[in-house]
Protein chains: 2
Amino acid sequence: MNAQSATRKTFRREGEDKRREDLIAATLECVAERGLAGATVREIAQRADVTPGLIRYYFPTKDDLIGAAYRAVMNRMTVQASDALQNAADDPRSRLQAFVTANLGEPIMDPHNLSLWAGFIALVHADPAMASAHHDGYLGFRDELEILIREALRAAGKPAEHNHTRRHAIAINAIIDGLWLEGCLAGDIFDDGELAETGVAAIEAVLGISLQAEGGAQ
Amino acid sequence: MNAQSATRKTFRREGEDKRREDLIAATLECVAERGLAGATVREIAQRADVTPGLIRYYFPTKDDLIGAAYRAVMNRMTVQASDALQNAADDPRSRLQAFVTANLGEPIMDPHNLSLWAGFIALVHADPAMASAHHDGYLGFRDELEILIREALRAAGKPAEHNHTRRHAIAINAIIDGLWLEGCLAGDIFDDGELAETGVAAIEAVLGISLQAEGGAQ
DNA sequence: GCTCTAATTATGCAAGCGTATAAATACTCC
DNA sequence: GGAGTATTTATACGCTTGCATAATTAGAGC
């Protein structure tokens, strides 16, 4: 009935921010489902309901889009962990516990996040720009952790000099990362909350304090 | 003088084992240098001084070659860690310490290994075959670790029931993985041996024992 | 030294990739 | 409501990729 051939796709103009977010979200979907190799320009565009050319309008090159997506993932995880702190009790030990538990449970401990993370990490060695992006993210996370550790130690009446807390931050960061990895890779072989419990117990042992606020909680 | 155009490449026939090893080694070089994306059939072939067609003669598909390379990396790291045990003292605590130290030093803690590992891990989620390959490797590592832990606890006169050692193995595995990660990603911001020391100290705290053999060693 | 075969090379193809660029269109402002 | 512009689509190009297949050749066995 309609004799006109191949009608042109209709579209709406969106704000720059919205479009960038959508494209990044579409990229993350692709990576999560089919790995970094599955995140082609065409696939991303289709997922964002947009034609491939538009990607280049917002991101000069595909690598720029990938880099932006990486930063978005890391930022999202950081924000989610920080959110857990907002709702935590006042006692520094409880706060450290909440931080650890948040990082070792949904939605942060998720296979999708691992796929994304690993895909990007594999590029770090080859791409200097991505290397520095990662470097910053790592130190930021460890610094935040070190502050929590220092305050928890003080609350427990323990010394908290920097050379101690630095070492502790390195070790505890490793515990969190390692358990996160285990959980993402094979969450099905662990009981619910087992990894968070294990992590808290290990951290208590390393610090030599209990993370349960003493003298009864609220 | 020589009018024949484009002389054909001369070659030697090699044994099947040698060729497979060479191709895997070439694959690992490519991945290490330029990431998984840089490991193209042509590049691998060139690095192995062979024409691309030969790869298909030994590996039905490129994914098979990649999978074989992954298993080779994991196997190599496992062997290197086990070697350290051969040269360790008899005391189980020393052996555990040697195991940890070996995993957190050269040549296991190397950025190249991380790139390889991460590149493969990113595929785990999408490729079931690779998922099972990884699953086996992970459990193998953790089982070996659990044995070392049990014997170290016994040597220190501590209880070592399975439900305890399982938890300890999970936590200590995380410590090793996490520190390995940190070291591979940013080895330059740590002193020599700092991560191994940190790891041993953290593990001692978790187990509640010293890993230095008591009563003076040889 | 000839023969036979398995190992290796050479060539080519179809598909998918990232990117460039020109044409079309939705929205803004007057 | 008409003109102008920033956004979006459409199209195409040049490359690279993995894979197939036919032609060659090194080396083993007699």
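Predicted model, so just to flag it, every value in this text is computed and none were measured. Excluded from the calculations below are hydrogen atoms, water molecules and symmetry mates; all remaining heavy atoms, backbone and side chain alike, are included.
Between the CD1 atom of Ile55(A) and the P atom of dT21(C) there is a distance of 18 Å, rounded to whole Å. What separates NZ of Lys18(B) from P of dA6(C) is a distance of 22 Å, to the nearest Å. The separation between Arg56(B) atom CZ and dA22(D) atom C1' is 13 Å, rounded to whole Å. Atom C1' of nucleotide dT17(D) and atom CD of Gln46(B) are separated by 15 Å, given to the nearest angstrom. Rounded to whole Å, the distance from CZ on Arg20(B) to C1' on dT8(C) is 16 Å. Distance CD1 (Ile44(B)) to P (dT8(C)): 17 Å, rounded to an integer number of Å. When rounded to the nearest whole Å, the span between CZ of Arg34(B) and P of dT16(D) equals 11 Å. Atom CG in Leu65(B) sits roughly 15 Å away from atom P in dT17(D) (whole-Å rounding).
Within the structure, every side-chain polar atom (N or O) of Thr51(B) is placed at least 4.0 Å from both OP1 and OP2 of dA10(C). In this structure, Tyr57(A) does not reach the dT8(D) phosphate: none of its side-chain N or O atoms is under 4.0 Å from OP1 or OP2. A sub-4.0 Å separation between OP1 or OP2 of dG18(D) and a side-chain N or O of Thr61(B) is absent.
More than 12 heavy atoms of other residues, nucleotides or ligands sit less than 6.0 Å from atom CD of Glu14(B). Around the CG atom of Asn163(A), the shell of radius 6.0 Å holds more than 12 heavy atoms that belong to other residues, nucleotides or ligands.
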Given protein heavy atoms under 4.0 Å, the one-letter contact record of nucleotides 23-30 of chain D, with B base, S sugar-phosphate only and - none, is simply BSBBS---
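Pairs passing the salt bridge (Lys or Arg N to Asp or Glu O under 4.0 Å) check and including a residue from residues 107-123 of chain A, sequence neighbours excluded, do not occur.
As judged by a 4.0 angstrom heavy-atom cut-off over every strand, Arg19(B) is placed among residues touching the sugar-phosphate backbone only. Across all strands shown, Glu14(A) has heavy atoms under 4.0 Å from sugar-phosphate atoms exclusively, and none from any base.
Nearest-nucleotide positions on DNA chain D for Leu54(A) and Arg42(A) put Leu54(A) closer to the 5' end. Between Pro52(A) and Tyr58(B), the residue anchored nearer the 5' end of DNA chain C, judged by the nucleotide with its closest heavy atom, is Tyr58(B).
Between Trp117(A) and Trp117(B), the ring planes are perpendicular. Angles over 60° get that label, and only those under 30° would be called parallel.
A cation-pi geometry, defined here as NZ or CZ lying under 6.0 Å from the six-membered ring centre and within 45° of its normal, holds between Arg20(B) and Phe59(B).
No side-chain donor from either of Glu33(A) and His112(A) sits under 3.5 Å from a side-chain acceptor of the other.
Of the charged side-chain nitrogens involved, none lies within less than 4.0 Å of a carboxylate oxygen, so that Glu151(A) and Arg93(A) do not count as a salt-bridged pair.
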